[in-house]
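Below, read A as the first sequence line, B as the second, and so on, with proteins coming before strands; counting in each chain starts at 1. Scope of the values below: all heavy atoms of this structure, side chains included, with no hydrogens, waters or symmetry mates.
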2 protein chains.
Amino acid sequence: MTKPQMDFWFEFASTYSYLSVMRLPARSAEAGVAVRWRPFLLGPIFASQGWDTSPFKIYAAKGNYMWRDMERRCAALGLTFKRSDTMPQHSVLAARTAQIALETPQGIAFCQNVYLMQFAEGMNIADTDVMAACLSAARLPADLLEKAQTDANKHRLRDTTEEAMRRGLFGAPSFTVGDELFWGDDQLETALAWAVEHAA
Amino acid sequence: MTKPQMDFWFEFASTYSYLSVMRLPARSAEAGVAVRWRPFLLGPIFASQGWDTSPFKIYAAKGNYMWRDMERRCAALGLTFKRSDTMPQHSVLAARTAQIALETPQGIAFCQNVYLMQFAEGMNIADTDVMAACLSAARLPADLLEKAQTDANKHRLRDTTEEAMRRGLFGAPSFTVGDELFWGDDQLETALAWAVEHAA
């Protein structure tokens with residue numbers, strides 16, 4: 001019997017994705033769901049909605065709420081969280097590197113390191129040295145950074161982002177089970193339960 | 001000892017408010033939290049963000065997601081739910097009437113009737129006859145509709161909406177405990193727990 005399957009869509013600049021990236025490994029193991037981790041870019045999706053930056057920047061009330069809400073949620077989960085003025089960060093290098101890293105068992109640790117660097121340490125994830133430190137902490141070789149910058153890998157990220165748009169994604173984190181879309185860290189458990197209930 | 005307190009902010013045109021309006025009475029009783037029900041209008045808040053209608057109309061991906069998500073959530077809760085093309089409905093009359101109805105113990109039943117009429121039956125809640133039926137089903141007198149249309153009651157709704165804006169509300173349903181704001185039906189339980197934990 002094959003395990004229930006779910007796709008997990010995350011954006012490295014997204015604060016709420018931090019929560020799911022840290023929570024998902026334990027929750028998906030408990031639920032017995034095989035998860036495909038799919039980094040993508042929200043920038044092109046926001047641009048298609050007429051936004052040139054994060055909605056948390058454009059809509060002040062939403063932004064103020066998000067920072068306080070993240071503080072509360074991180075405190076409840078025992079996660080460190082620092083507010084930052086440089087939001088959203090440039091996440092392309094992190095996403096490209098994650099695609100390669102996720103071909104190995106250490107890929108998830110790499111992704112978690114990137115979020116911790118950004119949201120717990122306040123580091124710039126567009127910085128090659130920061131990426132190298134995240135690879136090293138996940139016991140992955142530094143030359144993944146070069147593999148991340150090949151044309152094939154760049155196209156792959158573009159394809160994934162286009163697939164996200166076709167599937168109707170408009171924010172992160174998101175989860176898909178077949179054609180069913182679930183949006184937001186709040187929906188992580190609901191999506192896992194859906195995967196189990198509707199397994200082939 | 002006084003009970004923990006929470007304010008519940010809802011908009012009659014809001015699909016997700018339907019979920020909280022139906023769930024909250026049982027959940028708040030279990031949690032032992034006294035809830036003040038505060039109908040308000042999202043229109044002026046959306047207008048201040050540059051939107052002339054619901055974001056579910058402006059952003060197609062968000063709108064498509066919302067309808068499917070509501071279907072799933074209502075199915076899980078055993079609530080009837082019908083998609084509608086006439087969204088958002090005009091909710092001013094319902095909100096004004098609810099203010100008066102909520103001064104009585106039957107006010108919550110009235111509010112639930114309005115949401116059921118709209119989202120389970122597909123009726124127009126701007127219609128005086130529909131409002132009269134909602135009052136009658138809650139065993140409230142029809143003359144509440146006249147009281148709803150006094151200047152004092154109209155001003156009260158405007159004041160509540162301005163207070164919502166001052167408190168940083170940007171969507172519905174929302175919950176406030178002191179200065180803490182929680183947004184979305186997903187946060188209903190979190191808000192109740194916050195009220196209990198931080199009770200004076």
Side-chain angles (χ1 to χ4, degrees), chain A residues 9 16 19-20 42 44-51 55-77 161 164-191 193-195 197-198, chain B residues 9 16 19 42 44-51 55-77 161-162 164-191 193-195 197-198:
Chain A
W9 303 79
Y16 285 104
L19 305 172
S20 293
L42 273 174
I45 294 177
F46 287 166
S48 77
Q49 298 188 158
W51 298 341
F56 297 130
K57 286 285 212 185
I58 300 171
Y59 305 111
K62 264 185 122 73
N64 291 336
Y65 176 76
M66 180 275 289
W67 290 115
R68 178 60 187 144
D69 190 37
M70 279 295 298
E71 280 179 353
R72 286 190 308 234
R73 290 174 188 241
C74 286
L77 294 169
T161 299
M165 212 175 310
R166 271 198 314 278
R167 285 177 170 275
L169 272 78
F170 54 89
S174 290
F175 311 91
T176 54
V177 179
D179 287 337
E180 294 289 335
L181 170 64
F182 300 85
W183 168 57
D185 180 68
D186 279 326
Q187 291 295 296
L188 186 154
E189 282 81 1
T190 306
W194 190 278
E197 207 180 320
H198 296 81
Chain B
W9 303 78
Y16 286 104
L19 305 172
L42 273 174
I45 294 178
F46 287 165
S48 77
Q49 299 188 155
W51 297 339
F56 296 129
K57 286 285 212 184
I58 300 172
Y59 304 110
K62 265 184 121 76
N64 292 336
Y65 176 76
M66 179 277 287
W67 290 115
R68 177 62 188 141
D69 191 37
M70 280 294 299
E71 279 178 354
R72 286 190 308 235
R73 290 175 188 240
C74 286
L77 294 168
T161 299
E162 278 166 17
M165 212 175 311
R166 272 199 312 279
R167 285 177 170 273
L169 271 78
F170 54 90
S174 291
F175 312 91
T176 53
V177 180
D179 287 338
E180 294 289 335
L181 170 64
F182 300 85
W183 169 56
D185 180 68
D186 279 325
Q187 291 296 296
L188 185 154
E189 282 82 0
T190 306
W194 190 278
E197 206 180 322
H198 296 82

Under a 4.5 Å heavy-atom cut-off, does chain A meet the side chain of B:D69, its backbone, both or neither? side chain

Under 4.5 Å from a heavy atom of chain A, the part of B:R167 involved: neither

Do B:Q187 and A:D186 come close enough that some side-chain heavy atom pair is under 4.5 Å? yes

Out of curiosity, A:R72 CZ to B:L181 CG, how far, rounded to the nearest 0.5 Å? 7.0 Å

Rounded distance [0.5 Å steps], CD1 in A:I58 versus CD in B:Q49: 10.5 Å

Checking B:Y65 side chain against A:L169 main chain: does a donor-acceptor pair fall under 3.5 Å? no

In short, B:A61 meets A:G168 closest at the heavy-atom pair CB-O, 3.9 Å

Near-ring test A:F170/B:Y59, centroid separation under 6.0 angstrom: no

